[in-house]
Each structure stands twice: as C-alpha cells, then as structure tokens.
2 protein chains.
Amino acid sequence: MRPTTKDLAIEAGVSLATVDRVLNNRPGVREDTVLKVNQAIQKLGFIRNVVAANLARGKSYRFLFLLPRTGDQFRAGLVERIHEANQIFAAEMIHADVMHIHESDPHQIANALGSLELEQADGVAIMAPESPQVRDAKARLVEKGIDAISFIAGQMASGRHDFVGIDNHAAGATAGRLMGRFLKHSEGAILVIAETMLARDSLERRLGFDEIINADYPNLAVLPSLETYGDAERTARIIHNSLLSQPNIAGVYIVSSEARVPLEVVTKAFTKEKPVIIAHERTPFTEAALRSHHVDALITQDPGHLVRSAIRILRARKDRREILASQEKIRIEVLIKENL
Amino acid sequence: MRPTTKDLAIEAGVSLATVDRVLNNRPGVREDTVLKVNQAIQKLGFIRNVVAANLARGKSYRFLFLLPRTGDQFRAGLVERIHEANQIFAAEMIHADVMHIHESDPHQIANALGSLELEQADGVAIMAPESPQVRDAKARLVEKGIDAISFIAGQMASGRHDFVGIDNHAAGATAGRLMGRFLKHSEGAILVIAETMLARDSLERRLGFDEIINADYPNLAVLPSLETYGDAERTARIIHNSLLSQPNIAGVYIVSSEARVPLEVVTKAFTKEKPVIIAHERTPFTEAALRSHHVDALITQDPGHLVRSAIRILRARKDRREILASQEKIRIEVLIKENL
DNA sequence: CAGGCTTTGAGGTACGTACCTAAAAGTCTG
DNA sequence: CAGACTTTTAGGTACGTACCTCAAAGCCTG
C-alpha cells in the first residue's frame with residue numbers, strides 16, 4: 001500500500017498537522033522539523049495523492065483557449081478537440097473554454113488578457129502571434145496567478161514549457177525534404193503559398209523548407225511566397241498570375257494551417273502535369289485531397305494531442321508539478337494516403 | 001458546480017441510499033424507482049466523480065504487460081515507457097508491471113496467463129503472436145475477471161478495442177509508397193528482411209508493402225523475404241548470399257521491430273551506390289542511422305502512446321466505461337531526418 | 001389484517017488530504 | 001523564571017462516493 005500522511009506523521013515522529021504544514025508550505029514549522037518530515041517522505045517514498053487532495057480542496061481547474069476568430073477547418077477541429085478533452089478531464093475537475101480573438105489585433109488580445117481575473121481562469125493557452133503587447137499582457141497575467149502558454153503559434157522554447165506546438169522550422173524542413181525526394185529527377189520551380197509571411201510560424205516553415213531545397217536540390221528553385229491574406233479571390237488571382245509568369249511549376253508548398261482555399265485553387269489550376277503538392281494539417285478537406293491524390297503529403301500535428309498537452313501543462317503549472325516531457329512533445333507527423 | 005449524489009437524491013425524491021443502489025447496480029430497488037433516479041441523472045447531467053469513487057473504494061488497478069523475453073532496443077524502450085507511465089498513473093492508483101515470456105512458446109504463455117489470479121492483476125496486455133492456446137487462455141482470463149488485450153503484435157479489431165497497435169498492413173503500405181516514390185526513376189530489386197514471416201505483423205507489413213509496389217511501381221521487383229531468426233551470423237550470411245545472386249538492389253525494407261542487426265549488416269554490405277533503406281521503429285540505433293543518412297525513413301509507432309493507451313483501455317474496461325476512441329488510435333508515423 | 005416479504009430511508013464509517021481551532025509544549029528574552 | 005512568543009499537538013469538519021446496518025414503510029398473500 002502507498003504510504004499516507006498518517007504514515008508520514010508516525011515515521012517523522014510528529015503530528016498530522018505538522019506534516020500538513022510541511023506538505024503545503026504553511027508557516028510555523030522549525031527547520032529541523034521540516035527536515036525530519038522530508039526525510040520521512042524520502043524514506044517511505046511518499047507520493048501525495050493528488051486526487052484526494054483536490055477532492056479535499058474542492059478545487060477545480062478552469063482553463064481558457066484563446067483562438068483566432070477567423071479560420072476554417074483546422075480551427076474548427078481544434079474547438080472540437082477542446083470539447084472532447086473536456087470529457088476526458090471532467091473526472092479530474094478540469095474544464096476548458098474557448099474564447100475568440102482577432103488574431104491580428106494585438107491590442108484587442110492584450111485587452112482580453114488584461115481583463116481576465118483569477119476567478120475566471122487558472123490558465124490560458126494563447127494561439128496568436130507574439131507581439132510586445134501580448135508578451136506584456138502575458139507577464140501581467142502570470143503576476144495575477146494565471147498561467148499563460150503559447151499554443152501552436154509561437155516558438156519552441158528551450159527548457160521551459162511555455163509553448164505547445166511543433167518546431168516549425170523542422171516542419172518546413174520536413175516538407176522540403178519530401179518535396180526534394182519526390183522531385184528527385186525533375187526540374188522546375190516551387191510555388192510557396194502562405195496566408196501571410198508576417199506570422200512567425202509561416203516564416204519559420206519557409207526558412208526550413210528553403211534550407212533543405214537550396215542545400216540538396218539544385219534542380220529546384222523556390223519562388224517568393226505568395227500571400228493570400230485569407231482571401232479566396234485574391235488567392236485565385238495571385239496564383240493564376242504566378243502560373244502565367246512561371247510555366248514550369250514542379251511543386252507547390254502550402255505553408256499555412258488552413259489549406260483549403262489555396263488547395264482548391266491549385267488543384268483547379270493544374271489540369272495536366274500535376275505538380276507535387278505538400279500542405280499542412282489534417283482537416284476533412286486535406287484528408288480528402290490526400291485520398292484522391294490531389295495532395296501528395298501532409299505535414300501535421302495532432303490537434304487532440306495539442307489540446308490535451310496544453311491542458312496537462314497548465315494544470316502541472318498550477319500544481320507546481322513537473323511534467324513528463326516525453327508525453328508533451330508534439331510530433332511533426334507525415335501523412336500520405338497509406339497511413340491516414 | 002457539478003451535481004453530486006446528494007443533488008440526485010433530492011431531484012429524484014429518494015434517499016441517498018437508493019441513489020447509491022441504483023448507481024452501483026445493487027439489488028432491491030423497484031423498477032420505477034430506478035427510472036426516477038435515471039431521469040434525475042439525465043436531467044441534472046450527473047457525472048459520477050470517478051476519483052472520489054475510487055478513493056472511497058480504496059481501489060487501485062494492477063496491470064501486467066507480457067513482453068517477449070528476447071528483443072533488443074525496441075523492447076527496452078517499451079519497458080522504459082512502462083516505468084514512465086507508472087509515474088503518470090500513480091496519481092490515479094494505477095500500477096503496471098512487466099512480465100517476460102518466451103514469445104515463441106504458446107504453451108508457456110498460456111501457462112503464465114492461466115496461473116494469473118485476480119489478486120495479482122486487473123488486466124493484462126499481451127505482446128505475443130496469436131495462437132489457439134493463447135486465445136483460449138485469454139478467454140479464461142476474462143472469465144476470471146481479468147481483462148486481456150493484445151499489444152502491438154496482433155490484429156486491428158473492428159469495433160471492440162481488443163488490440164493496441166497499428167494497422168500493420170497500412171504500415172507496410174506506407175513503407176511501400178515511400179520506397180516507390182524515393183525510387184521513382186530507378187530500376188532494381190528490393191530486399192525484404194524480417195525476423196520471421198511466421199509473425200502475423202511481419203506478414204501483414206509485407207503484404208501491404210507488396211501491394212503498393214506491385215500496383216504502382218513496375219520498375220521495382222520485391223524479392224522473397226529473408227528471415228534472420230534474430231541471429232546475427234545468419235543475418236550476415238543470408239544477406240551476403242542474396243547480394244551475390246542479386247547485384248542490382250535498389251532498396252531495402254526491414255520489416256521487423258528490431259532493426260539493429262540487419263541494419264548493421266546492410267550498411268556494411270553496400271559500400272558504394274547505397275540503396276534506399278526503410279525500417280521500422282525508433283530506437284537509439286535507428287535514430288542514429290537516420291541522422292547519419294544510413295536510413296532514409298522510419299515507419300514508427302510511439303511506444304509511450306502504446307503503453308499509456310493500453311493502460312487507459314484496460315482501466316476503462318475494468319470500470320465498464322467507454323473510451324475516447326480518437327485518443328487511443330495509434331498512428332503510423334513517418335520519420336525522416338528532418339522531423340526526428 | 002397478520003405475517004412475511006421487498007423496498008426505502010436514515011445514519012454511520014471510511015478513503016486521503018486540506019484546513020481550521022484551541023490548547024499544550026517548547027524556546028527565547030529580559 | 002515569568003511572560004511573550006513560536007512551534008506543535010489533538011481534534012474536528014469537509015470533499016464526493018462507497019458500503020454497511022438497522023429500522024421503517026410499503027406490498028402481497030392467505
């Protein structure tokens with residue numbers, strides 16, 4: 001049987017109350033008594049029963065996901081996964097809500113963050129580009145006792161787990177390597193389509209992509225990024241313009257998470273001699289495109305894993321616990337038709 | 001606040017004791033009373049606090065992983081993940097042990113399973129080929145009240161979650177597609193190396209692999225499988241023999257989970273004109289081989305996910321709860337150097 | 001309507017921890 | 001060594017559920 005606080009008290013030769021004070025960092029315990037208790041913890045291998053503790057505290061966790069208001073299927077999938085996660089975590093008294101923000105308006109995001117109170121949320125996961133305003137607002141949140149982590153959009157931090165998502169440079173490199181290998185004996189240009197290159201993740205993916213192509217595939221030339229600004233008409237226009245000036249397109253790399261609109265345009269634009277197409281994220285649309293051979297590969301991250309990982313990390317933060325890093329590492333997945 | 005049993009009792013107009021009888025299927029409740037309570041559950045959206053329930057029950061879960069005694073780095077990684085999982089699940093009063101079996105001796109496995117008692121384990125995850133003896137032993141276990149699932153080695157069941165692992169046919173197909181695309185403009189033969197083709201997983205991988213190559217890549221010819229029987233010397237011998245009779249090897253596909261020995265032999269055997277090499281599973285060795293370009297791609301399944309999923313499924317079985325299928329789906333991952 | 005049965009109620013204890021109070025014991029200061 | 005202070009003890013209640021007992025109420029049968 002696992003030792004309990006009672007066993008600890010006996011082993012340390014103190015009362016339950018003292019054990020409790022040590023365990024919860026309450027004041028009024030002499031240092032040598034603290035030591036005695038800690039030694040007993042070591043000796044018995046005491047592990048606090050977090051579940052009983054939370055029950056006693058009547059504690060529940062409320063987390064908030066700040067997601068961009070705009071978006072398409074990838075965003076919708078995320079919301080669905082958050083609802084799903086609520087089922088799993090309900091047993092642990094954890095609930096997550098979604099709040100919508102204007103991704104491109106740092107002031108609005110900062111305001112939303114600023115008006116959050118500890119009663120409303122124990123932690124937030126923010127999917128928005130890093131800006132000075134947002135960074136400041138996050139710092140103020142943490143001062144209030146609300147933990148904040150970056151979600152998907154952000155940057156791999158070394159060490160601290162402040163970010164849940166993939167290494168976008170590596171994701172771009174993965175796309176680049178596949179593109180290169182799939183086009184080994186072809187020559188031509190590669191179209192790169194992004195929503196906006198202002199977003200750090202798109203930028204990093206592009207850098208990783210270029211690095212591989214430039215280093216190992218001299219037969220391929222990566223064209224300047226086309227920016228769609230999320231607008232369907234603009235997307236159609238710029239892609240068609242690009243095709244006119246550049247007849248020999250061997251590959252297309254769609255950088256952004258929302259690939260539907262650019263994919264629709266691209267698949268219509270190429271009637272014969274389909275180029276190799278690589279996009280990001282698994283959505284109903286991209287999945288269908290992969291099945292019907294309109295797309296050759298997808299570079300994805302598992303939205304369910306992302307959501308659950310963010311929740312686990314926020315919770316561990318709140319409990320001042322360590323996390324198991326290997327479980328929280330978000331993998332860059334490669335999807336082809338066969339392993340869908 | 002979440003409704004409690006107390007709220008249920010009030011809503012249904014019965015006592016706590018009756019609510020308890022209904023919730024735990026205890027006898028002595030009239031049918032219309034059961035109905036009243038169930039309606040109250042519906043109306044209030046009552047969710048049983050599993051955590052408090054387990055605390056009250058003093059219940060803890062003991063699970064057992066039956067792993068083959070032989071094996072190399074993949075097996076070692078699994079054991080490590082099981083220890084890791086124990087940390088995570090300790091809070092939920094779950095502990096998993098490892099038991100070693102002779103994979104190839106169905107009688108011994110059946111004996112081990114047969115001698116298990118409910119006091120020793122609440123559930124077992126078995127990594128062993130399906131044989132009539134093992135199947136029978138599993139059935140008897142379930143009669144005893146010990147749940148049993150197949151782990152990694154086994155077959156994707158439709159519907160019921162009796163198996164934790166990947167669809168090996170699809171995994172082989174994934175390997176086949178990558179091999180085909182990487183060798184688009186080459187001609188030659190493909191060496192297939194397995195520990196034994198008696199194992200169902202190797203067989204299925206091979207079938208999936210052949211299906212893709214034969215259908216879409218007439219430039220490639222898949223050779224008969226070489227079986228190593230896990231023996232290093234034999235491996236070296238049969239591979240060298242094969243190379244003598246077959247000078248034009250364009251690709252090598254290593255089917256088995258333990259790829260180290262065949263990989264060592266293969267990388268030494270090809271001095272110039274390295275073939276495309278695809279193997280399974282991420283281990284320290286295969287990871288290094290990928291980094292050093294000795295291997296072109298790995299088809300993997302996440303051992304940590306496998307272990308945690310098996311534990312979650314066994315636990316849900318014990319509690320007679322449903323699982324969240326999307327979390328338990330084990331993905332076929334594709335690893336190249338860039339997304340390691 | 002008595003006797004036996006089934007169903008329900010009321011209350012308690014327990015799980016492991018948190019958090020509270022009042023009082024006892026220990027330590028320091030002048 | 002008295003008084004003030006700090007540290008510790010002892011005991012209680014609570015969280016939400018499980019499981020137990022005993023008594024009360026309801027029902028059926030002859």
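Hydrogens, waters and symmetry mates are skipped; everything else that's a heavy atom, side chains included, is used. Just so we're on the same page: letters track the sequence lines, and every chain starts at 1.
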>> On DNA chain C, compare the nucleotides closest to B:R57 and A:R30; which residue's is nearer the 5' end?
In response: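 That would be B:R57.
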>> Need one value for A:R48: base, sugar-phosphate or nothing, where a base atom within 4.0 Å counts as base even if backbone is also close, heavy atoms only.
In response: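 A:R48: backbone/sugar contact only, no base atoms under 4.0 Å.
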>> Taking any heavy-atom pair under 4.0 Å as a contact, classify A:G58: base, sugar-phosphate, or nothing.
In response: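 Contact class for A:G58: none.
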> Pairs in or reaching into residues 84-96 of chain B: which pass salt bridge (Lys or Arg N to Asp or Glu O under 4.0 Å), with residues at least two apart or in two chains?
Replying inline: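 Salt bridge (Lys or Arg N to Asp or Glu O under 4.0 Å) check on residues 84-96 of chain B returns B:R81-B:E84, B:E92-B:R315.
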> What residue pairs, at least two apart or across chains, pass salt bridge (Lys or Arg N to Asp or Glu O under 4.0 Å) with a residue in residues 34-44 of chain B?
Replying inline: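 Every pair satisfying salt bridge (Lys or Arg N to Asp or Glu O under 4.0 Å) with a residue in residues 34-44 of chain B: B:E11-B:K43.
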>> Looking at B:D162 and B:R317, is there a salt bridge between them, counting it only when a charged N and a carboxylate O are closer than 4.0 Å?
In response: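 Yes, this pair counts.
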> Run the side chain to side chain contact (heavy atoms under 4.5 Å, CB included) check on B:F46 and B:L23 step by step: do they pass?
Replying inline: CA-CA 11 Å; B:F46 171 83; B:L23 283 179; 4.1 Å; yes
side-chain contact (heavy atoms from CB on, under 4.5 Å) against [X], all qualifying residues, sequence neighbours excluded:
X      : answer
B:Q42  : none
B:K59  : B:N54, B:R57, B:Y61, B:K318, B:D319
A:L306 : A:F151, A:I152, A:V164, A:Q301, A:I330
B:V34  : B:V22, B:V29, B:N38

>> So, using salt bridge (charged side-chain N to carboxylate O under 4.0 Å, His left out) as the criterion, who are the partners of B:E328 when residues are at least two apart?
In response: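 For B:E328 the salt bridge (charged side-chain N to carboxylate O under 4.0 Å, His left out) partners, ignoring immediate neighbours, are B:R312.
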>> Test of understanding: with salt bridge (charged side-chain N to carboxylate O under 4.0 Å, His left out), list the residues that count as partners of A:D302, not counting sequence neighbours.
In response: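 Scan of A:D302 (salt bridge (charged side-chain N to carboxylate O under 4.0 Å, His left out), adjacent residues dropped) gives B:R331.
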> Should the heavy atoms of other residues, nucleotides or ligands under 6.0 Å from NZ of B:K6 be counted, would the total exceed 12?
Replying inline: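 12 or below, so no.
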> Which of residues 33-40 of chain A have a heavy atom under 4.0 Å from DNA chain D?
Replying inline: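 Correct list: A:T33.
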> What residues in residues 17-25 of chain B put a non-hydrogen atom under 4.0 Å from any atom of DNA chain D?
Replying inline: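 Result for residues 17-25 of chain B: B:D20, B:N24, sorted by number.
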> For the atom pair CG (B:L8) and CZ (B:R48), what is the distance rounded to the nearest 0.5 Å?
Replying inline: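 The distance works out to 10.5 Å.
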> Between which nucleotides of DNA chain C, 5' to 3', does chain A make heavy-atom contacts below 4.0 Å?
Replying inline: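 The footprint of chain A covers C:dG16 to C:dC19.
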>> Please check: side-chain N/O of A:Q133 versus main-chain N/O of A:A110, any donor-acceptor pairing under 3.5 Å?
In response: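 Between the backbone of A:A110 and the side chain of A:Q133 there is no qualifying donor-acceptor contact (under 3.5 Å).
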>> Please give me every residue in residues 4-15 of chain A whose heavy atoms get under 4.0 Å of an atom in DNA chain C, ordered by residue number.
In response: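 A:T4, A:T5 - these, ordered by number, are the residues of the stretch whose heavy atoms sit under 4.0 Å from the strand.
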